[in-house]
Each structure stands twice: as structure tokens, then as C-alpha cells.
Amino acid sequence: AHARQHAESEHVDLENAQRVEIVLVPLDEGAVVHRRIADRHKLVEPALCQHEAADVLREVAREALQPVSKAQGAVQVLRRGQEHSAAEAIAAGHATYPSFRHFFPNDELRAKILPTFFRATVRDAVPFGSVLSAWTGDRVDAVAVWLPPGRFPWTPVRKLRATPAFLRIMMAAPRVFAPFARFGAGVEAAHRDAPHWYLVVMSVRAERQGQGLGTALVKPILERADRDGITCRLETADPNNIPFYTRLGFDVIDTAFAP
């Protein structure tokens, strides 16, 4: 029903509008948990503070972020100033993603909204040192946006910083914005329990899929989480993604997030 309730705005320039960010979470349906630790514990340890999370990723970077191959390029922690390139890569990889096609069925409208959505997502995570990326030269080929334990849902301050991005999306698609936001709130509600690493979104450009980039972006955090005894979670709306994640040790635990 929501798929028919969008409205296009011909005069909204998402690229040149005021710079913005907001609470942006991927619109997915199947909750997935890393099975080696999914049922092990009820964590009550305090959430990581920002500098501690950055230290975790620096350790991961020293230990595991190596070139996948000379042809595939290097995997690295994304830095400030690289958010735009990362968001473009994520948007390219999610151009036909089921949840986004559901909320924004018009191809042109979706192509405008996704970079805005993902720029805010990436900007929020970069300060935690938890965005991993694969590059070939100056081009981002793949991105995994992780949030450390205790960093999702977003705090009110982080939501406030991102408010302009939601406003831009609302202006571009006013009729679908309310169900879009409600769905995001539902995803948030599913993460208010024990602290866990959250894979907000992982995307590989179509022409680079099947070359090991996705695995290279996911495994470092899985290994760190296993050593620390912390769960990893994600959602996906594409059933074709399930085999990839199950090979990495995830189990589907909930299908309640369908839009």
C-alpha cells in the first residue's frame, strides 16, 4: 500500500540543499545474529564510549585490514571527508534493494533519496571509527557501516544533527515519509536490549560483487566480537543475502521487520 503513496518533488535539489543528517537506519526485514555467540549471554556491561570504540577499530585495523588482493584494492577505516564517496557507493549497491523499492518505487526519486539517506548514516558512524571500506584507487567499491555496542539506537543529539536529511527526504517524498519513519522506529525498538555490534548497512558495487570484498569488511568485527563475547546483528530485506551471512556464522532470528 505504501508503495503507491509517494509523491515526487521536481524542484527539490537533494545534492545542493543545506547539508544535513538524521536518524537513518536501513529498511530491512530479517534480523540476523552471529550464531557463535547469539545465545551465550545477557550482557550488562556498559556501552563503549566514543574513544574506546575508535580504539577497538584501530586494533582491528592493525590486525586485519589488509588488501584483499592487488586487484581488489585495500580495506581501510573510512575517515572524515570520505563520507560522500562512501554514500555514493552504498547507494549504487542498494539501487534496487527491496525495502527502498517498496517505499520509493520511482527510480528517479529513489536515486535522489538514497545518497542523502546514506550520507547521514555514514557521517553518524565515522566518529566511532567503525566504517570499513574497500577502495580501488580513489573509488570506493564497498562499505560496511558498523556501530559499536551501545551506539544504536541513536541518541537525541545524534538525531538532531541529522534532522535536515530527514527533512530533505520528507520534501522529496512527503506522502511516504511517515511510514518510512515509522519503520525506522520499529527497527530501533528491536535493538534496545543487550549491547551488540550492529552492521547498519553493507554494500558492494554490482561489478565488484563475488570478489570477497563483503567478507573482508565483515570478518574483522566478527572476530573482534567473538573475542569479546559480544553479539553482532544486522537486518536484510533481500533473501539472496542470507546465504552470504550464514556462511559467516549468522542465523536468522526474526522476520518481524517486513514493511
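All of these numbers come straight from a predicted model, not from anything done at the bench.
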Original post:
Judged by atom type as modelled, is there a donor-acceptor pair below 3.5 Å linking the side chain of Glu88 to the main-chain atoms of Ser85?
Top reply: no
**OP:** Determine, step by step, whether Trp135 and Leu78 satisfy the side-chain contact (heavy atoms from CB on, under 4.5 Å) criterion, reporting the C-alpha distance in whole Å, the side-chain angles of both residues, the deciding distance to 0.1 Å, and the verdict.
**Re:** CA-CA 10 Å; Trp135 297 67; Leu78 199 79; 3.8 Å; yes
**OP:** Keeping the roles fixed (side chain from His94, backbone from Ile90), state whether a donor-acceptor pair exists under 3.5 Å.
**Re:** yes
**OP:** Please confirm whether the backbone N or O of His191 pairs with a side-chain atom of Arg233, one donor and one acceptor, at under 3.5 Å?
**Re:** no
**OP:** For Leu147 and Phe128, work out which heavy atoms get closest and say how close.
**Re:** CD2-CD1, 3.9 Å
**OP:** Report yes if some heavy atom in the side chain of Ile169 is under 4.5 Å from a heavy atom in the side chain of Thr116; otherwise report no.
**Re:** yes
Subject >> Shortest non-hydrogen contact between Pro243 and Pro239, atoms and distance >> reply: CD-O, 3.6 Å
Subject >> Side-chain (Arg110) to main-chain (Arg101) donor-acceptor, under 3.5 angstrom >> reply: no
Subject >> Flag, side chain of Glu188 to backbone of Pro153, donor-acceptor distance under 3.5 Å >> reply: no
Original post:
Phe250 and Phe244: aromatic ring centres closer than 6.0 Å?
Top reply: no
Original post:
Would a line drawn from the ring center of Phe117 to the ring center of Phe103 be shorter than 6.0 Å?
Top reply: no
**OP:** Could you tell me which residues satisfy salt bridge (charged side-chain N to carboxylate O under 4.0 Å, His left out) with Arg205, sequence neighbours excluded, listed by chain and number?
**Re:** none
**OP:** Determine whether His196 and Asp193 make a side-chain contact, defined as any pair of heavy atoms from C-beta on separated by less than 4.5 Å.
**Re:** yes
Original post:
Passes side-chain contact (heavy atoms from CB on, under 4.5 Å), Trp197 versus Thr231? Steps please.
Top reply: CA-CA 6 Å; Trp197 280 97; Thr231 303; over 6 Å; no
Original post:
When you check the side-chain N and O atoms of Arg208 and Thr136, is any donor under 3.5 Å from an acceptor?
Top reply: yes
Original post:
Between atom CH2 of Trp146 and atom CD1 of Ile221, what is the distance when rounded to the nearest 0.5 Å?
Top reply: 6.0 Å
Original post:
Which pair of non-hydrogen atoms, one from Ala172 and one from Pro174, has the smallest distance, and what is that distance?
Top reply: C-CD, 3.6 Å
Original post:
What are the two closest non-hydrogen atoms of Ile230 and Pro195, and how far apart are they?
Top reply: CG2-O, 3.9 Å
Original post:
Are side-chain heavy atoms of Ser203 and Val143 found at a separation under 4.5 Å?
Top reply: no
Subject >> From Cys232 atom SG to Arg224 atom CZ, the distance as rounded to the nearest 0.5 Å >> reply: 11.5 Å
Subject >> Non-hydrogen atoms of Ala125 and Val131 that approach each other most closely >> reply: CB-CG2, 3.5 Å
**OP:** Any chance you could measure Lys219, atom NZ, to Asp226, atom CG, to the nearest 0.5 Å?
**Re:** 11.0 Å
Original post:
Could you give the distance from CG (Leu114) to CG (Leu109), rounded to the nearest 0.5 Å?
Top reply: 9.0 Å
Original post:
Between Tyr198 and Glu235, does a side-chain contact (heavy atoms from CB on, under 4.5 Å) hold up when you go through it step by step?
Top reply: CA-CA 9 Å; Tyr198 179 36; Glu235 295 96 31; 2.4 Å; yes
Original post:
From Gln82 CD over to Asp138 CG, what is the distance, rounded to the nearest 0.5 angstrom?
Top reply: 10.0 Å
**OP:** Can you see which heavy atom on Ala87 is nearest to which on Pro115, and at what distance?
**Re:** CB-O, 4.0 Å
Subject >> Value rounded to 0.5 Å, distance of CZ in Arg151 from OG1 in Thr155 >> reply: 8.0 Å
**OP:** Please test Asp141 against Arg139 for salt bridge (Lys or Arg N to Asp or Glu O under 4.0 Å), starting from the C-alpha separation and ending with a verdict.
**Re:** CA-CA 6 Å; Asp141 289 325; Arg139 191 182 85 150; 2.8 Å; yes
Original post:
Does the Ser130 side chain pair with the main chain of Pro148, one donor and one acceptor, at a distance under 3.5 Å?
Top reply: no
Original post:
Going through the checks in order, is the side-chain contact (heavy atoms from CB on, under 4.5 Å) test met by Met202 and Val204?
Top reply: CA-CA 7 Å; Met202 196 274 287; Val204 181; 3.9 Å; yes
Original post:
Are Phe118 and Phe100 close enough that their ring centres sit under 6.0 Å apart?
Top reply: yes
Original post:
Looking only at atom types and distance, does a side-chain atom of Tyr245 sit under 3.5 Å from a main-chain N or O of Asp251, one as donor and one as acceptor?
Top reply: no
Original post:
In terms of side-chain heavy atoms, does Asp124 have a donor or acceptor partner in Trp154 at a distance below 3.5 Å?
Top reply: yes
Original post:
Is there a donor-acceptor pair under 3.5 Å between the side chain of Thr163 and the backbone N or O of Leu160?
Top reply: yes
Subject >> Any Glu83 side-chain heavy atom under 4.5 Å of Arg119 side chain >> reply: no
Original post:
Judged by atom type as modelled, is there a donor-acceptor pair below 3.5 Å linking the side chain of Asn106 to the main-chain atoms of Glu108?
Top reply: yes
Original post:
Taking side chain as C-beta onward, heavy atoms only, is Val145 less than 4.5 Å from Leu199?
Top reply: no
